[in-house]
Each structure stands twice: as structure tokens, then as C-alpha cells.
Visitor: 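Take this structure first; my questions come after.
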Amino acid sequence: MYEAVIGLEVHVQLSTNSKIFSGSSTAFGAEPNTQASLIDLGMPGVLPVPNAKVFEMAIKFGLAIDAKIEQESIFDRKNYFYPDLPKGYQISQFEKPIVGPGRVTIMLDNGTTKTINITRAHLEEDAGKSVHDVFDGMTGIDLNRAGTPLLEIVSEPELRSAKEAVAYLKVIHSIIRYLDISDGNMAEGSMRCDCNVSIQPKGSDVLGTRTEIKNVNSFRFVEKAIDTEIHRQIEILEDGGRVVQETRLYDPDKDETRPMRSKEEANDYRYFPDPDLLPVVLDSSFIEACNASLPELPATRRARYIAEYGITEYDAGVLVADRDLADYFAEVANISGEGKLAANWVMGSVLAELNQTSKSIIEFPVSAKQLSDLVSRIKDNTLNSKTAKTVFDALLTSDGEVDTIIEQEGLVQMTDTSAIETIVDEVISENSTQATNYRAAPADKRPKMLGFFVGQVMKKSQGKANPQAVNQILASKLAD
Amino acid sequence: MSDITDLSFSELKKALQNKTLSSTETTAAFLDRIESLNPELNAFITITRDEAMQSAKKADTAISDGTATAYTGLPIAHKDLFCTDGVLTTCGSRILSNFVAPYDAHVVSRCKAAGLVSLGKLNMDEFAMGSSNENSYFGPVRNPWDTSRVPGGSSGGSAAAVAANLTPLATATDTGGSIRQPAAFTGTSGLKPTYGRVSRFGMIAYASSLDQGGLIAHTAEDLAHGLGLIAGHDSRDSTSAVQPVPDYTELLNDSLKDKVIGLPRQFFDDRLDTSMHNAMDTVLDVLKSLGATTVDISLDHVAEAIPAYYVIAPAEASSNLSRFDGVRFGARADKPTDLLDLYERSRSEGFGSEVKRRILIGTYALSEGYYDAYYKKAQQIRRLIRDDFNRALASCDLIFGPTTPSTAFIIGEKTSDPVSMYLEDIYTVATNMAGLPGGSFQGPLVSGLPTGYQLTGPNFGESIILNAAHRVQTATDWHRLIPEGL
């Protein structure tokens, strides 16, 4: 009877080599404060100089979501005190962001699609990190991250469930990976998400009071945090209470959200245009050049895969969501010339293995060339599905050629009809009772009963017999 | 020959080039004078004798090797908000009283590259906020013409040091009049260049959209030499202008025959002291005698400049000064109990009362619900003022007026009345709001105290200002008057 209203603010670290306003490196994981220049430290007298690369990246993102690119945008100062914010203000964009309204399409579980509008996307600098667990009774400050460029992407509150929110987040993730403007690594904080959640009686147009869950850092946590928060809010309303507008944190260990300490929450950021920076004025030729260099985006690629490889819409959707997976699939399909078979293998065994080992396709031990060889050997009937799985498992642990493994393991499929006939004859004579029963059975019961014989034949051939041939020969011999 | 320290920057330049003087003896002479007079004037916060003598020695070697620039070995001193690598840089504040900068400001590195010898760091109003130099944590600077009087501010140390011949050239900054007003009070020449002409990199910010580095010296010719050294584009400052730097000495002697001087009626109304009015008329007579003509103009919104300035500058300052939090550098409160205590006490103890007042004003002006009424409105006024100036400068080459309403006042006279102190900048602030170049140059003495007249030019029109001032200085000796009794 309640409906959730959810909007996401996604922070994406842009993968520039140097910071947004200084020349320091942005590489992750360096010794604390070794990548903090005088500018990142907020030393007296230093000034920010924008890294032009961030404009190109923001524009590409804007074009990818069909958004308005603002020809003039302005950097503002967001003022608040915190030890890991060296200047006492964050340089961000407030009134005039670089990317205006845009939209993306998400796929829902029931197979339908939904358009989610994006309010804006703006550039800003990341803060440093406060380290609370290294020095006893003291807080350390690591400013390596301070000044890392961020693109903050703000959605309209058009998401209606935690699942929709995750679907939206995955689309954003997919786009930034396709554009190669961020590594999108949520575990390292390259992509973080603030979730604005409120609930209202279904069908009502009176907005509920919203809470903001800060800094959620995985797809799974986004789903759990939102679900938990929706339930919390429902319980409050059911008990006759009122939801308080506040900022909350999600604790994955306890699966609950709780309010942030009020000190961590500044109320008035006193935004004003940063007088150290000129307005960002983009000429249309620059925007045009960004447009010309846009790579193929997920939606386009999906359509192309369906047309080119003859795969289903669903399979195409899953495959293109991850640019690297999509590239992998395409390579397998192109080398083997077998789109559908390639899709089955990537969607099946490959994804299962990736999920089980929590690895990305980049780290996957079976190369696209190896998998395409495997697919080719299935196509030419050297392998059947059972022997193919044996080869696949061997490829996961060793680095051999597909044909070598087939030979070593003696897995070449038996396609010689006379050899199969011999086995079939043996099986029928060894199981004469079942053969008699089969022959006596009505036609509609027979196919099921045939399975028993197929199993026996496959067993006797050590899985090497061609299943189609076995079926055919069995059916004709038993019909006698 | 007169004392070494009586010589102007341009005269010293000739002497070093002719080898009638060495950098070592020049530097030593100024250092000796600083050490004898600074206890009374308090113009210097830090005197870098050892470093200065070392650079002087190097300069002499370069001069004899023939590897010197035209300026190698000449003395300069820097306002203490220009960061100097390895040297204390206090900004006149307790909160930076222990701050040794880890790098050189653009202006400082340009001077070093030209071979100038830095004598030390000059006193100033804390964070450049003030018009009397009474707001320094290191104590007030005294006016060499009358040590009971203020030298003006915020570049009071720069102006007093030049006036007392402690240095022939000093860097300074001007946000609302901080170069021109002290120049007027001390009988020196001061130039605030066009906004963006001189890089702000390494200049500790007060109000970023108004701050501009410049110089104080004895003459317009000295300023022309100095500006050539520090002007020019710097990629480390996004607001730095990509505009070629002319030879500012080239036009110094141009005739004023075809020059039109605009006289804004708002600068000559009854707020101007009668004796100051007369002094201005005397200067105008000289300009006219040199061939210039005058035209009456109006700067309709100039009266709004002070109130708008006291919204914009404190607003920017409130944000610029947030980095002084006791966390990474500068003074930190002793034994803070928690983060809030660290912030509150470091800042309460570290900032003086005028700085706190402006942080509060600025914080208020930027607050939610007040932003449109104050900050936005002030920016609109700023645009109107800029339009006024541009319109006026379409009908004249330079705008002329007094730099200050009266001569230097007594120390302590205005400290309890901030508004009367703010009105000290009534004639200078508008130039900053418009981003235009402005200079203050010596007029005749009034009751034994210096006066200054102000010339405002078009964007990047520093040469026009220096030309007019140089011609007046060639025809008069006001710039040669020196304070007695030092």
C-alpha cells in the first residue's frame, strides 16, 4: 500500500592521470600524502587550474545520456569545515552544471523498459580521507584523494524500488565503462552512491519526507540499504510516527541505516562562484569533437548484437551491460562464426564461473580464442555438450590448446555410425526386458523410455557418441 | 654623491650598470638603514640580511661575469603575503606567525629570476584587511613623515619602507586601495595594475576577485621598471591575463598634448577636504600646463562602491580564510579537546578582530536566504560600476581624482569606528570593482603631510598612467620631498 520514491546521486571518479585542479597523480593505493601537492594541501596562496580532460569526459557522459551540454558552466565553492577538506571548501558546480537534463533507459525484471530522467551532472573535486583506526586516540589525514575529479550524476526521483535503483546504477556503470571515463570500481570508491528515499501511500501525489543514505559502495548494498530504509519508514508510518528528514548511513554488518552524527552534517554550504576560476565556456566545435569520438554505447551495441549474431534481446542485454564481457563475447562469436552457440556458452558456463569466483571477465583464465575453438569443435561435432564441458573445465585450470586437450583426453566424438550401431546392439541385448517393454508401450510413452537407452549408450561410449546419432539409431533399432 | 639609500630604483639601476656601486655595498647600505630605523617604524616583519648579502655577492659576480640582467643586484622587499620559499610568511597574522612558506610566489620568483636582492618581508594589515596598518599582529607601522600617524594600509609596511628609504622598491597588493592609499599617505608612488595583469599565484588571498599585486616606489619610472618584471601570464593562475607585456618605460616621456583627463564630479564634492581639493587643483594645473585637457565626467554608481565592496570582499574572505584551521600549517590551539575545539580556538586565537569581523560579515552575506539580497545585489552593483567606468573612459584617457579624502590620520583615531575607516577607501575601491589599473602619485604637501592624486586608466592601460605621472614628476619635485628627522 506504500510506494517508494527514490532518487540517486552517483559520484563517479573520473580516470584522469592528474587531479582536477593540480598536477598530482590520481593513482589509487599510494602511501598516504605522497600524491598531495601544495595545491591539494590548500597551502596559503595556491590557486586551482582546471584539468581540461575533465570537461571532455563530462561532455561525453552528457552526450551518452542524451543531455543538454551547457556552453557555459560555473565552478562554485561549497563551504564547510572538515579536516580532510583542506581549503575549508569543496570546488563544485551548483547553479550552472556542465551537463543539463538527460535520460537513460533501464530494463525491469518483467522485461519491460523504463526511462529515468537525469536532472544534471556536474564536476567537482573529491575530499581526502580521515583515517580513524591507525593512530591511537588521534585521526590521521590522507590527502592523496583530495582533488580527484568527480562527476556527480543526479537522477530525478523516478525510481520506485531498490531493484529499479540497482538497474539504474548498473546502466550508469555500463555507460561510464563504455566511455572509459572511470574504472567504475565501487570497492575502491571510484563509484559511490547517495540514495534519497521516501515513501508515500500508493497512488498518492503527496510526497513523503525523504532521508538520504550516504556513500553506499556496492550494487548489493544499494539494494539492501534502500529496502531496509523503505521498511524502516513504513514501520514508522504504520506506528503513527513521522519520518525525519536527515542523512543516514547504511551499516552492512547489521543491515540497518542509522542517522549520521549531526556534526558531520553541515546545513548551509554558502555556495558562491569560485572567484579563482573563470566560467567554463565550451565552444561547439569542442563538443562536436567529443561527439565524434564517442564509442558505441550499450543500447546501440545491444541492437547490433541482436541483428548481427541472432541472439535474443535478453541475452544481448546481459552481454552488453559489461563492456569487457561484450567484447569477449563478440570475439568468441566472430572467430567461431557461431553467435548463438557463443552466447550460450558465455551466458552459461562463463558467467557461472565468474559469479562463483567473483572475478571479472578481464581476469578470466579462458581466452576468447580458446572458447571460440571450443565452440567450433562443438559445431563440427567433434565435441558434444558433455565432452565440451570436460574441455572447458580443463581450460579453466590449464593453458592448453582445445584440440590438444581433446586428443589427450580422448574426447573426439564418435560419429562413425557403424561403431555406434555396435554399441546400440550391445545395449539392446543387455537390456532385453526394457526393450520388450518399450516395444509394447504406446507411442506417446516411448520418447521418455528411450532416454534410458540413450544414457546407457552414452555411458558405454564414455560420452563420446554423438547424441543425435544415438537417438536416431536407437529409435530405428527399437522400432523393429 | 648623496647617500646610497636616497637613490631611486632607476638611479640605482644606472649606478649598478655603470659599476659606480656594487650590489654588496648597496644591499648593505639599505640593510644598515633598515636595522637602524625599523625599530621605530616597524615596516619590516622579517629582515633577511644573510640571504640578502649572499644574493648581493652572487649579483656582483654575475655583473662582473657579464651574465647579469638589467636589474641584477637591485634591492626589493616583499609584502608579507607573498610566499617566499624558506622564509617566514605571516600575512600580518598570528595564525601564520610560524609559517615558513615552502614555495615562492610568482611575483617573488620573477624578481629572483631577474636577479633582484630581497631585503626582507614587509608589515601589513592582517590578511590585507585594513587602511591604517593598525591591524597587524606584529604591531602598527608608523608613518615616516610623522610617527604618530598611520602610513595607511594594508600595504603600510611597503609604503613606509619606501618613504623612509629602507628599500627603493616594494611589492604590495591592492584589493580596495591597499597600494594607492598608503602611497598617498607616505608620499610615494604606487601602482595597482589591471586585474589579471600580475599573477596571484603565491599571494595569500583576501578577496580573490579584487586582489591584485603591484608595487610602491619613489617614481613612476621606477614602477615602470618594476611592473615589467612582475607582469605577464602565469598558467598557475586561471585569472591571469594572456596579454603581451609592453615595455612600460617606452611611453614615459610621451607628450600629454592629446591626452584628455576625466574629472568625476563625485570625487570633488563636499566630502573632500578643502585643502585636499586645493592640492588636487594644483596637480591639475600642472597636467594642463603639460598640454592635457580636462573633461567633466560622472561615475553614477561610485557611491555604492563601498557598501558593495564590503559585501563581496568579506564574502570571498570568509571562504578564503577557511583553510586556516590549525590542521595542516600555522598556529594551532594548545591541547584541543576535540575537532570543534581545535577549529574554534585556533581561529579565535589566531585571527585579529578586524579579520573576524569580516569573516562574520562575509559568512552572513553568503548565508541561505541572504545570498540574493547581499552577494548577488553587490555583484550587480559591481557590473554597474564597471559600466560607468567604461563609459567614462570612452570620452577620456585617464580619470583623475584624489586618492584619499584627507592626509594621514593619527594612530588610534579611527580604530573604534570601522565605518569611518572603511570610508578611507571611498575613492579607490571603485577601481578594484571595475578591475581597472590605478596609480597614486605624490601631490603637494598639505600641512607638512603628503597628498596623493589618483589616475585610473583603461584595461591594460598602465603605460598611459605611468606616462602622465612621469611627466608630472619631471615637471615637479613633490616626489623628491623626503620626511625630515629620520
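Every chain is numbered from 1 and lettered A, B, ... according to where its sequence line falls, protein lines coming before strand lines.
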Visitor: Would you say A:I39 and B:R236 make side-chain contact, with heavy atoms under 4.5 Å?
Guide: no
Visitor: Which answer fits B:F82, side chain, backbone, both or neither, if we ask what part of it has an atom under 4.5 Å from a heavy atom of chain A?
Guide: neither
Visitor: Looking at A:E72, I'd like to know if its CD atom is crowded, meaning that more than 12 non-hydrogen atoms belonging to other residues, nucleotides or ligands lie closer than 6.0 Å.
Guide: yes
Visitor: Check each atom of B:N320 against the heavy atoms of chain A and say whether the ones under 4.5 Å are side chain, backbone, both or neither.
Guide: both
Visitor: For B:K377, look at atom NZ and say whether over 12 heavy atoms of other residues, nucleotides or ligands are found less than 6.0 Å away.
Guide: no
Visitor: Could you pull out the closest heavy-atom pair between B:R328 and A:G42, with the gap in Å?
Guide: NH2-O, 4.3 Å
Visitor: If I take atom OG from residue B:S208 and atom CG from residue A:D276, how far apart are they, to the nearest 0.5 angstrom?
Guide: 4.0 Å
Visitor: Which answer fits B:L339, side chain, backbone, both or neither, if we ask what part of it has an atom under 4.5 Å from a heavy atom of chain A?
Guide: side chain
Visitor: Quick check on the 6.0 Å ring-centre criterion: do B:Y375 and A:F272 meet it?
Guide: yes
Visitor: B:D237, B:L96, B:V327: which one forms the most heavy-atom pairs within less than 4.5 Å of chain A?
Guide: B:D237
Visitor: With a sphere of 6.0 Å drawn around CG of A:N17, does it hold more than 12 non-hydrogen atoms of other residues, nucleotides or ligands?
Guide: no
Visitor: For B:S235, which atoms come within 4.5 Å of any heavy atom of chain A: side chain, backbone, both, or neither?
Guide: backbone
Visitor: What's the spacing between A:F81 CZ and B:L342 CG if we round to 0.5 Å?
Guide: 11.0 Å
Visitor: Using a 3.5 Å distance criterion without hydrogens, assess whether the side chain of A:R270 forms a donor-acceptor pair with backbone atoms of B:E368.
Guide: no
Visitor: Might you point out which heavy atoms bring B:Y195 and A:P275 nearest each other, and give the distance in Å?
Guide: OH-O, 4.1 Å
Visitor: Measure distances from B:F324 to the heavy atoms of chain A and classify the residue's part below 4.5 Å as side chain, backbone, both or neither.
Guide: side chain
Visitor: Quick check on B:A315 against chain A: is it the side chain, the backbone, both or neither that has a heavy atom closer than 4.5 Å?
Guide: backbone
Visitor: At what distance, to the nearest 0.5 angstrom, does OH of A:Y89 lie from OG of B:S319?
Guide: 5.5 Å
Visitor: Of all the heavy-atom pairs spanning A:G45 and B:R323, show the shortest one and how long it is.
Guide: N-NH1, 4.5 Å
Visitor: Grab the two heavy atoms, one from A:P44 and one from B:F329, that are nearest each other, plus how far apart they are.
Guide: CD-CZ, 3.5 Å
Visitor: Can you name the nearest heavy-atom pair linking B:S238 to A:L278, along with the distance?
Guide: O-CD1, 3.2 Å
Visitor: Specify the closest pair of heavy atoms between B:E316 and A:R77, including all atoms of both residues, with the distance to one decimal.
Guide: O-NH1, 4.1 Å
Visitor: Name the option with the most non-hydrogen atom pairs under 4.5 Å to chain B; the candidates are A:S22, A:P83, A:G88.
Guide: A:P83
Visitor: More than 12 heavy atoms of other residues, nucleotides or ligands under 6.0 Å from OH of B:Y103: is that the case?
Guide: yes
